[in-house]
Amino acid sequence: MKYSTLILHNGNEVDPHTGALSIPIYQASTYHQSDIDQSNQYFYSRVGNPTREALEKTIAALENAGYGFAFSSGMAAISSVLAIFEQGDHVVAAEDIYGGSYGILSRFYAKFGLDTTFVDMTRLEEVEKAIRPSTKAIFMESPSNPLLKITDISGVVKLAQKYGLITMIDNTFMSPYFQHPLDLGVDIAVHSATKFLGGHSDVLGGVAVTNSEDLASAIRAVQIGFGAILGPQDAWLVQRGIKTLRARMELQQRSAMTIAEWLRQQNWVEQVYYPGLTDHPGHELIQEQASGFGAVVSFTTDRIERAKAIMKHVQIWSVAVSLGGVESILSYPVRMSHAYVPREERERLGITENLLRLSVGLEDVEDLMEDLVQGL
Ligand SMILES: *Cc1c(COP(=O)(O)O)cnc(C)c1O
């Protein structure tokens, strides 16, 4: 079966009890146990719920994984996966990882004795240098946010195998449609389902997948014990969003490419960051490990005032955090996703006050481009 068919036909599209072409929202916390000596498949919804399970199996199928888990947000998924580690363990993470992941590692988990070293994940020698005897895992994100740097996923996996480490990746920006990290040997992939999986800016969710039975039982223990599970209504919304994943990713990527190429020709644009552009430093690499470039484009304007004027005058683009929805979103990383990062550190990472990030949606691409120049 081809991938586009698998998105719609993976065994989780028909309700086994009624034949309904959508697994219903099983809005129940508990289940009648007709025979107390025989354990029911479902007995309490924190442990298992048919709507959530349909989503978990779907995402596992789409990531070519043996096991899938759904959580109440992307951060709940990431935090729950990180909770499989122990006091005294050490993690090597990408320095330009999602802000929430940076925060939970450097503040929350640090409190419990889980140490993290943040490195430029695109430089394997730096990753290797950061590995210590207590290192247990390497946490990647590719493409990264907001500069869309590409990590050599297979290279990191090889390094991890040499030292016996677990590899994790945040696959949110690519979605399972464009990138299958488990096929590249990564142990655990996580997503904010709030973004491309849900796709409609109407639900928060997170997922984690793995092929390892041991890792799956560790994650499952946290999912049940910590309890940050996705509710049935939200699971249903993510499941519905996934049905159009291919159509959205293909069209949004096409418009992103058009906009990236157009931006590069504008005299008020300084630099464009999009891995689909042939001069992007990760252009070759991303083609080896993914089947697309995604729908997020960042760029810098020649002057800060210009970036602010664009945000002030756009009418079609929403000025907001988040990405991956059908509606186009314009973000300002220095005040939004990276506001918590100290100024010097931000500038070292290239996140400057003239940098804008676009999540390209499904509107007409001409309208989107015209809207960007309204304020100039
Ligand atoms: C949004 C996002 C998250 C966090 O997801 P939430 O659903 O907001 O908790 C994690 N990683 C990446 C790359 C994201 O874009």
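Each ligand, and each atom within it, is numbered from 1 in the order the structure gives.
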Could you walk me through whether E327 and H200 pass side chain to side chain donor-acceptor pair (under 3.5 Å), step by step?
-> CA-CA 8 Å; E327 49 290 285; H200 294 73; over 6 Å; no

Under 6.0 Å between ring centres, would you say that holds for F293 and H283? yes

Under 30°, 30 to 60°, or over 60°: which ring-plane class applies to Y177 and Y3, parallel, tilted or perpendicular?
-> tilted

Checking the N or O distance criterion of under 3.5 Å, is ligand 1 in contact with M75? yes

side-chain hydrogen bond (donor to acceptor under 3.5 Å, both in side chains) pairs touching residues 147-161, sequence neighbours excluded, are none

In this structure, atom 6 (P) of ligand 1 is nearest to the protein heavy atom G74 N, 3.3 Å

If you scan protein heavy atoms around atom 5 (O) of ligand 1, the nearest is S192 OG, 2.9 Å

Does the pair R348/E95 count as a salt bridge with the N-to-O cut at 4.0 Å? yes

* **Heavy-atom gap D170 to ligand 1 smaller than 4.0 Å** => yes

Centroid-to-centroid, F299 to Y273, below 6.0 Å? no

Numbered in order shown, the ligand 1 atoms found under 4.0 Å of a heavy atom of E141 are 13 (C)

Among non-hydrogen protein atoms, atom 4 (C) of ligand 1 lies closest to Y98 CE2, 3.4 Å

**Request:** Could you tell me whether H32 and F43 have their ring centroids closer than 6.0 angstrom?
**Result:** no

At under 4.0 Å between heavy atoms, what of I78 touches ligand 1? The answer is side chain

of all protein heavy atoms, closest to atom 15 (O) of ligand 1 is K195 NZ, 2.7 Å

Among non-hydrogen protein atoms, atom 7 (O) of ligand 1 lies closest to T194 OG1, 2.6 Å

- Query: Strictly under 4.0 Å, does any heavy atom of G205 approach an atom of ligand 1?
  - Reply: yes

